[in-house]
Colleague: 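The structure that follows is given in the form of C-alpha cells.
In what follows, every chain begins at residue 1, and chains take the letters A, B, ... in the order their sequences are listed.
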Amino acid sequence: MSRYNPAEIEPRWQHYWTEHGTFVATEDSSKPKYYALCMFPYPSGSGLHVGHPESYTAIDIVARTKRMQGFNVLNPIGFDSFGLPAERAAQRENRHPAAITRERIAYFRTQLQRLGFSFNWEREVSTCEVDYYRWTQWIFLQLYERGLAYLAEVPVNWCPAQGTVLANEEVVDGRYVETGDPVERRSMKQWMLKITAYAQRLLDDLDGLDWPEGVLEMQRQWIGRSEGAEVRFDVVADGADGADGDRSFVVYTTRPDTLFGATWCVLAPEHPLVSKITTKAQREAVEAYVASARNKSDLERQVAADKEKTGVFTGATAINPVNGEKIPIWVSDYVLITYGTGAIMAVPAHDERDHAFARKFGLEIRPVYRVEDQDHDFQQAAWPGQGIAVNSGRFDGLSVAQFKPAIIAWLEEQGVGKKQVNYKLRDWLFSRQRYWGEPFPIVHTQDGQVHPVDPEDLPIGLPHVDEYRPTADGEPPLARATDWLHTTWHGQPALRETNTMPQWAGSCWYYLRYMDPHNTDLPFSPERVRYWQSVDLYIGGVEHAVLHLLYARFWHKVLFDCGLVPTSEPFKRLYNQGMILAFAYRESSGKYHAPQTVERRAGQLSEFVSAWAPNDWVQTDWYVKGTQIPVEQKLGKMGKSLNNSVDPLEIVDRYGADTLRIYEMFMGPLEQVKPWQTSGCDGVHRFLSRVWRLFVDEDSDQTRPFGTTSKAMRKALHLAIKETTDGIDQLKFNTPVAKMMELVNVAKGQVPARQDAEAFVLILSPYAPHLAEELWHRFGHEASLATEPWPTFDPTALVDETMTIVVQVMGKKRAVLEIDRAASKDQILTAAKADPAVMRFIEGKTIRKEIYVPGKLVNLVAT
RNA sequence: GCGAGAAUGGCGGAACUGGUAGACGCGCCGGACUUAGGAUCCGGUGGGGCAACCCAUGGGGGUUCGAGUCCCCCUUCUCGCACCA
C-alpha cells in the first residue's frame, strides 16, 4: 500500500474493534456515565440512504470524544421493526413479515457496520422480536393496572386504504401522514391510553428540558392548555312545540367575561342533546344537517370550513344565566364534540368564528366591551382583545383581567358554573387492526368482561396466519388464527384481543431496554437504570417533535410513577438534525434521471418547458450524460419518487467511510436542511489523503520520521483542539473540520513533531476513526486510541509575538499594522497616524476621537 | 390566519460578548507534472475600476466612532398548527 487506501484500512480497524470489544459498555465502571442516543431506524426495504448517517455520525463523534474524556459511554443501536410497510410487503411477496424484516435489518446492519460507528452492537434490540415485545406487553399491563388503558366506543380516524384506525397525531389535513390516504370519521370500540391524565405534567416538565425551543413549543401547542369556565345553560321547557324540555347543557368558554354578549348557543352535531331538544318544525332540517356532518370525512369538513360556516337552528332556546335572556340554540359543525363540552355560547362581538356565523345567519352582534379603537365597527369585525366592560350589568367598567375572576366567582356562587382548565390533547388511540404489531395481553370472556393476561403468561406471541388481511366479517387479521384466538381464562373459555399495538409502542421505551437488553426477568433491572439514569443526548429528526417524543415522555412518567425508573423525563437534551436533501433531475417529459447519470455543461444553455410548472420555461446547463437531453435541476427530499437517493455504501466504496462521515459533518450545521452533493466528498477525501501523505511516504509505504515543532504548527493545532473540544458541547461539527484542514495546510507537507502529530490524530479520531487508528498504530502504539486522553487546549500556543491592528478612519478600514505585542496604546496610535494610507484620510482634518480596542483595532474620528 | 425559524459569492457555508465580511471546502480559471487521469501539486477567484479607491451580508429606516451581528418597518422562503370556544 502506498496511497491512502480506506478500502484496506477501514475493514481492518472495524475488525479490530469488534474483536477487542473496544466499545462494549459495562455498568461496573467507576467512571461517570454518558448516554448518547440516536433515534433508531425503521428498517425499510430501500436500506439506509445518505441522510441517515448524519445523526449517527454526530452521535458517534460525541460518543468517541466522551470516551476519550473519561466517560463510560453507552451508544446503542437497534431497530424499530414493527409497522405497516413490512406488513404490506408481506402481502405483496407472500412471505412472513418477520422474515422480510430480519432480512432488511441484516442489510441495515451491514451498512451501519461499514461506516465504523462505535455502537454497542452487543446491546442491539429489535422491537418485533418476542424477547423485546413481551416487555412492551408487560409495560402495557402496568398501564392497564393503573387504569390508564381502557376500551371505549370513540369517534376514530378510520383509514379505508390502510384498513385501520389512526391516532389523531397521525392525521394531518384529513389524511394519513405516512401515505396521504384520506381518513374518515367513524365510531368504533378501541383501546385508548389515558395520556390526558398526564397533560399537566407533560406540559410542566417541558420547562426543565434542554430541547430546541421549536420542539418545546410544538409540544406545548399540542397539549394546548387553556383556562376558562364551564357554564350551565338551561333549555327553555316548551312542550307545546314538541321539544322535550327541562334540560340543560354546559358550555366551555375561555371568555366567561363576555357572557353578557352571548346571543345564541351552538351544540356540536354529535351532541347527545341535539335530538332531544329539536322542535318538530326544525327536526327535518336538523336531522339532515347532523347526518351530513356525520358522513363527511375530516378532510371534507376542513375544506368546507375554509369557505363558510354552516348550521341549523334547533328551534329550542336557552336561558343565559347572567341575565335570564332567552337565546336560540343552533347546531353547527364548527363546534367540535371532542373538545371542551361540545357546546359553546356564541359571542359574535368578541370572537371571530362566532362573528362569521352571525353574519351568515343574521344573528345579533352585541358588544360588551368598549374598545381602544373608537372607530371599531362591530358589525364588520369581532374584537377579541382588551377593553372596558359595558352592557354587563354590575360588571360594567371592569377590564378583561378583572372581569374574569369576578364572573367566575359569581357563577360558582350561583351554582351555574365553575373555573375549568381544558387541554387540546386527547387520549391516545392505541389499537390498530393490523397483524404486524404487539398483540395485546388481553382476553375477553363470554360474559363480555375484559381481563389482563397474568404477567407470568407473557409473552403473547404473534400467531401464524394464512393471510395478513382482515377477515370476511371485518375482524383484524389476528382473528384468522383460530387456535390462538380461542383460549381460556382461569378455566373459562375466552377470546384473545385481536387488535395490535401501534408502531409507537416499541419506541416508547427502547432507550430503557438498551440499559439491560438481555434481561429475561424484567424489562430492565433497577440497578442498571440507576446507573444509566436517562439519555444525556438524543439526536433525531424534527418529524418526531410531537408523536414519538410525547408518547415516550408519557410512558416514562408512568414508569416513574410505578417506581421503575428514577427520573421523570427520559431525554435530558434533545437535538434535531436537519434533513439532507438531494438534487433531482427531470427532463421535459417528466422523467427523473439519477444524479450520477447527468452532467453539467458549463455555458451550454438549453431552454424547455418545465415539467413542474407547465407555464414556466427553464434554462439549464444540465444534460443526461452522453446525450443532448437537457434536464432541469431541483432540490428535493431524497427518495424513490425523485430518483435521487444516494446509498452510503456507494460513497464508502468510492471514498471510504471516513470521508463520508466527515463530509456529512462538513456540509453545514447539524440542525440545518442541506443539499447533498457527492462532489463535495472530493474535498474531504483530498484532505484525508493529505493527512495520510503527511505521515506516510507513498513510495516506500514507510511512516515518515517526526519533525520538530514550530510556532505556526502549535498555533494551528491548538486552534483545532479548541474548536473540536467546544464543538462537542455545542454540537457544532462543521467548523472543527475546517480548523483541522487549516492545520494540514499549515503543515505544508512538513511532518510535525511527535507530540503535535499525536494530538492531531487524537482530535481527528472521532471524525475519521479508521485513519486515525491506522496512524496511531504506525506511530508505534499497540492499543486502540479509543480511550487515550483527549488533548488539552493550551491558550498560550495562540499568543504571537506581534499583533495585527486594523486601523480605521471614520469606521472604514484604511490600514493593517503588524506591531509588537508589547506596544503601548500611544505607540500604536502614533504608528497608526504615521501610516501613509491613513495619513491620506486624516490630512487637513482634526482628530476628534481616537478609539482603541486593545490588540484589535484603532478607529480615528476625523472631520 | 396564528406560532417558530431563516435570508451572506456561481454553490455548501465561516465570522467569539458589535470591531479586518466571505474562514474551510466545492465549482470555475490559469499553470506544473503527465501516454492518460474523477490522480497530485502551485497560483487566482464577491462586483466595479488601469489605479487610488468605490460598492457589497433580502429591501428601507435608526442607534453607534464602528452593524452580517442591536432596534423599528417591509419582502421572500422553510417548518409547525389550523374552526380547540
Side-chain angles (χ1 to χ4, degrees), chain A residues 3 172-173 212-218 220-222 224-226 228 251-255 258 266 301-302 304-306 309 332-336 338-347 350-354 356-357 384 422-426 542-543 545-546 576 578-579 600 602-603 654-655 662-663 666-669 671-687 689-690 693 698 722 726 732 734-742 745 749 804-816 837 840 848-853 855-862:
Chain A
R3 293 253 299 274
V172 170
D173 292 338
E213 194 45 51
V215 175
L216 294 174
E217 196 49 41
M218 277 190 245
R220 284 191 195 106
Q221 284 188 11
W222 192 265
R225 182 193 152 101
S226 73
V251 304
Y252 173 69
T253 175
T254 54
R255 293 294 303 275
T258 60
V266 188
R301 268 202 193 191
Q302 281 177 20
D306 286 340
K309 298 263 182 289
S332 173
D333 65 0
Y334 85 95
V335 174
L336 310 175
T338 46
Y339 182 78
T341 58
I344 63 154
M345 62 174 199
V347 186
H350 302 286
D351 182 282
E352 283 162 14
R353 296 152 301 181
D354 297 341
F357 197 81
N422 250 324
Y423 301 90
K424 283 198 253 180
L425 183 69
R426 323 232 176 104
V542 255
E543 64 273 21
V546 176
N576 298 123
M579 208 189 341
R600 188 174 180 192
R654 192 159 139 195
Y655 298 100
I662 294 185
Y663 178 62
F666 189 56
M667 286 167 77
E671 73 279 11
Q672 219 162 82
V673 176
K674 311 165 276 271
W676 175 268
Q677 281 167 294
T678 301
S679 63
C681 293
D682 286 331
V684 173
H685 188 256
R686 240 167 251 159
F687 161 64
S689 302
R690 257 175 235 151
R693 275 199 309 277
E698 289 194 328
K722 182 167 167 42
D726 293 350
K732 286 176 67 176
N734 51 334
T735 48
V737 176
K739 288 287 184 282
M740 288 191 275
M741 286 175 168
E742 283 180 57
N745 291 346
T804 310
I805 304 287
V806 171
V807 185
Q808 299 181 335
V809 180
M810 300 299 288
K812 281 188 190 284
K813 180 179 127 189
R814 297 301 176 190
V816 179
R840 206 175 312 142
R848 310 268 172 204
K849 205 166 171 186
E850 293 168 343
I851 287 141
Y852 175 59
V853 181
K856 278 188 178 160
L857 168 141
V858 167
N859 190 10
L860 303 173
V861 184

Colleague: Tell me what S226(A) touches on the nucleic acid: a base, only sugar-phosphate, or nothing, going by heavy atoms under 4.0 Å.
Modeller: sugar-phosphate
Colleague: Rounding to a whole Å, what distance do you find between M810(A):CE and G66(B):C1'?
Modeller: 10 Å
Colleague: Could you check which of C65(B), C24(B), C41(B) has an atom nearest any side-chain atom of R690(A)?
Modeller: C41(B)
Colleague: For the residue pair D354(A) and M345(A), what are the closest heavy atoms and their distance?
Modeller: OD2-O, 3.9 Å
Colleague: I'd like to know whether C681(A) forms a side-chain contact (heavy atoms from CB on, under 4.5 Å) with F666(A), so could you lay out the CA-CA distance, the side-chain angles of the two residues, the decisive distance to 0.1 Å, and finally the verdict.
Modeller: CA-CA 9 Å; C681(A) 293; F666(A) 189 56; over 6 Å; no
Colleague: Of all the choices, C11(B), G80(B), C26(B), which nucleotide is nearest to the side chain of Q677(A) once you look at every atom?
Modeller: C11(B)
Colleague: What's the CG-C1' distance between D682(A) and G25(B), to the nearest Å?
Modeller: 11 Å
Colleague: Between P384(A) and R255(A), what is the shortest heavy-atom contact and its length?
Modeller: O-NH1, 3.2 Å
Colleague: Quick check against the 3.5 Å criterion: does K674(A) have a side-chain atom that pairs as donor or acceptor with the backbone of P669(A)?
Modeller: yes
Colleague: Of all heavy-atom pairs between E698(A) and R3(A), which one has the smallest distance, and what is that distance?
Modeller: OE2-CA, 3.6 Å
Colleague: Donor-acceptor pair, R814(A) side chain versus R840(A) backbone, under 3.5 Å?
Modeller: no
Colleague: If you check the E742(A) side chain, which of A23(B), U40(B), C83(B) turns out closest?
Modeller: A23(B)
Colleague: Which of these nucleotides, C81(B), U40(B), C83(B), is closest to any side-chain atom of R693(A)?
Modeller: U40(B)
Colleague: Which sits closer to the 5' end of RNA chain B, I851(A) or L425(A), going by the nucleotide each is nearest to?
Modeller: I851(A)
Colleague: How is R426(A) classified with respect to the nucleic acid when contacts are heavy atoms under 4.0 Å: base, sugar-phosphate, or nothing?
Modeller: base
Colleague: Categorize V335(A) for me: base, sugar-phosphate, or nothing, with a 4.0 angstrom heavy-atom threshold over every strand shown.
Modeller: base
Colleague: Looking only at heavy atoms, what is the nearest atom pair of V251(A) and T341(A), with distance?
Modeller: CA-OG1, 3.4 Å
Colleague: Stems in RNA chain B: runs of 3 or more consecutive Watson-Crick or G-U pairs, distances under 3.5 Å?
Modeller: B:1-7 with B:75-81, B:10-12 with B:24-26, B:27-32 with B:40-45, B:46-48 with B:53-55, B:58-62 with B:70-74
Colleague: For M218(A) and A82(B), give me the distance from atom CE to atom P, rounded to whole Å.
Modeller: 12 Å
Colleague: Considering only the C1' atoms, how many Å lie between U45(B) and G25(B), rounded to the nearest integer?
Modeller: 14 Å
Colleague: Please measure how far the P atom in A56(B) lies from the corresponding atom in G18(B), and state the result in whole Å.
Modeller: 23 Å
Colleague: Let me know the distance between NZ of K813(A) and C1' of G22(B), rounded to the nearest Å.
Modeller: 12 Å
Colleague: Taking N and O atoms by type only, does the side chain of K739(A) place a donor or acceptor under 3.5 Å from a partner on the base of C24(B)?
Modeller: no
Colleague: Return the set of residues passing ring pair (Phe, Tyr, Trp, His ring centres under 6.0 Å) with Y334(A) (not counting sequence neighbours), or none when no residue passes.
Modeller: F357(A)
Colleague: When you measure from the side chain of K424(A), which nucleotide among C81(B), G13(B), C83(B) comes out closest?
Modeller: C81(B)
Colleague: Pick base, sugar-phosphate or nothing for D354(A), based on heavy-atom distances below 4.0 Å to the nucleic acid.
Modeller: nothing
Colleague: Measure from the side-chain heavy atoms of P675(A) and tell me the nearest of U20(B), A23(B), G12(B).
Modeller: G12(B)
Colleague: On a whole-Å scale, what distance lies between the C1' atoms belonging to G68(B) and A85(B)?
Modeller: 44 Å
Colleague: Which atoms form the tightest heavy-atom contact between Y663(A) and P675(A), and what is the distance?
Modeller: OH-O, 4.3 Å
Colleague: Under 4.0 Å between any heavy atoms, over every strand shown, what does K722(A) touch: base, sugar-phosphate, or nothing? Just pick one.
Modeller: nothing
Colleague: Rounding to an integer number of Å, can you tell me how far M740(A) CE sits from A23(B) P?
Modeller: 19 Å
Colleague: Determine the interatomic distance between P on G5(B) and the same-named atom on G9(B); round to the nearest Å.
Modeller: 23 Å
Colleague: Distance between the P atoms of C73(B) and G66(B), in whole angstroms?
Modeller: 23 Å
Colleague: Give me syn or anti for G9(B), where syn covers glycosidic angles within 90 degrees of 0.
Modeller: syn
Colleague: Using a 4.0 Å heavy-atom cut-off, does R654(A) contact any base of the nucleic acid, only the sugar-phosphate backbone, or nothing at all?
Modeller: base
Colleague: Taking atom C1' of C24(B) as reference, at what distance in whole Å does atom CD1 of I662(A) sit?
Modeller: 13 Å
Colleague: Heavy atoms under 4.0 Å, any strand shown: does V861(A) hit a base, just sugar-phosphate, or nothing?
Modeller: sugar-phosphate
Colleague: Nearest whole angstrom, please: distance from the C1' of A21(B) to the CD of Q808(A).
Modeller: 12 Å
Colleague: So, is K849(A) close to the C65(B) phosphate, meaning a side-chain N or O under 4.0 Å from OP1 or OP2?
Modeller: yes
Colleague: In whole angstrom, give me the gap between the P atoms of G58(B) and G12(B).
Modeller: 14 Å
Colleague: C26(B) C1' sits how many Å from H685(A) NE2, rounded?
Modeller: 16 Å
Colleague: What distance, rounded to whole Å, do you find between the two C1' atoms, one in A67(B) and one in U57(B)?
Modeller: 11 Å
Colleague: For the residue pair A343(A) and V335(A), what are the closest heavy atoms and their distance?
Modeller: N-CG1, 4.0 Å
Colleague: To the side chain of T735(A), which of C53(B), A14(B), C41(B) is closest?
Modeller: A14(B)
Colleague: With a 4.0 Å limit, can you tell me whether R220(A) has a side-chain N or O closer than that to the phosphate oxygens OP1/OP2 of G3(B)?
Modeller: no
Colleague: List for me each residue that meets ring pair (Phe, Tyr, Trp, His ring centres under 6.0 Å) alongside Y252(A), sequence neighbours excluded, and say none if there are none.
Modeller: none
Colleague: Whether Y339(A) contacts A85(B) is assessed here as follows: a side-chain N or O lying under 4.0 Å from the phosphate OP1 or OP2. Is that the case?
Modeller: yes
Colleague: Just to confirm, is there a sub-4.0 Å distance from OP1 or OP2 of G38(B) to any side-chain nitrogen or oxygen of R686(A)?
Modeller: no
Colleague: Using a cut-off of strictly less than 4.0 Å, decide whether N734(A) has a side-chain nitrogen or oxygen near OP1 or OP2 of G12(B).
Modeller: no
Colleague: For RNA chain B, whose closest nucleotide is more 5', that of A837(A) or that of V546(A)?
Modeller: A837(A)
Colleague: Using a heavy-atom cut-off of 4.0 Å across all strands, would you classify E213(A) as base, sugar-phosphate, or nothing?
Modeller: nothing
Colleague: In whole angstrom, give me the gap between the P atoms of G46(B) and G37(B).
Modeller: 28 Å
Colleague: By the 4.0 Å heavy-atom rule, please label K812(A) as base, sugar-phosphate, or nothing.
Modeller: sugar-phosphate
Colleague: Quick one: is R814(A) getting a side-chain N or O under 4.0 Å of the C65(B) phosphate, OP1 or OP2?
Modeller: no
Colleague: Identify which nucleotide among A85(B), U17(B), A15(B) has an atom closest to any side-chain atom of K856(A), counting heavy atoms from C-beta outward.
Modeller: U17(B)
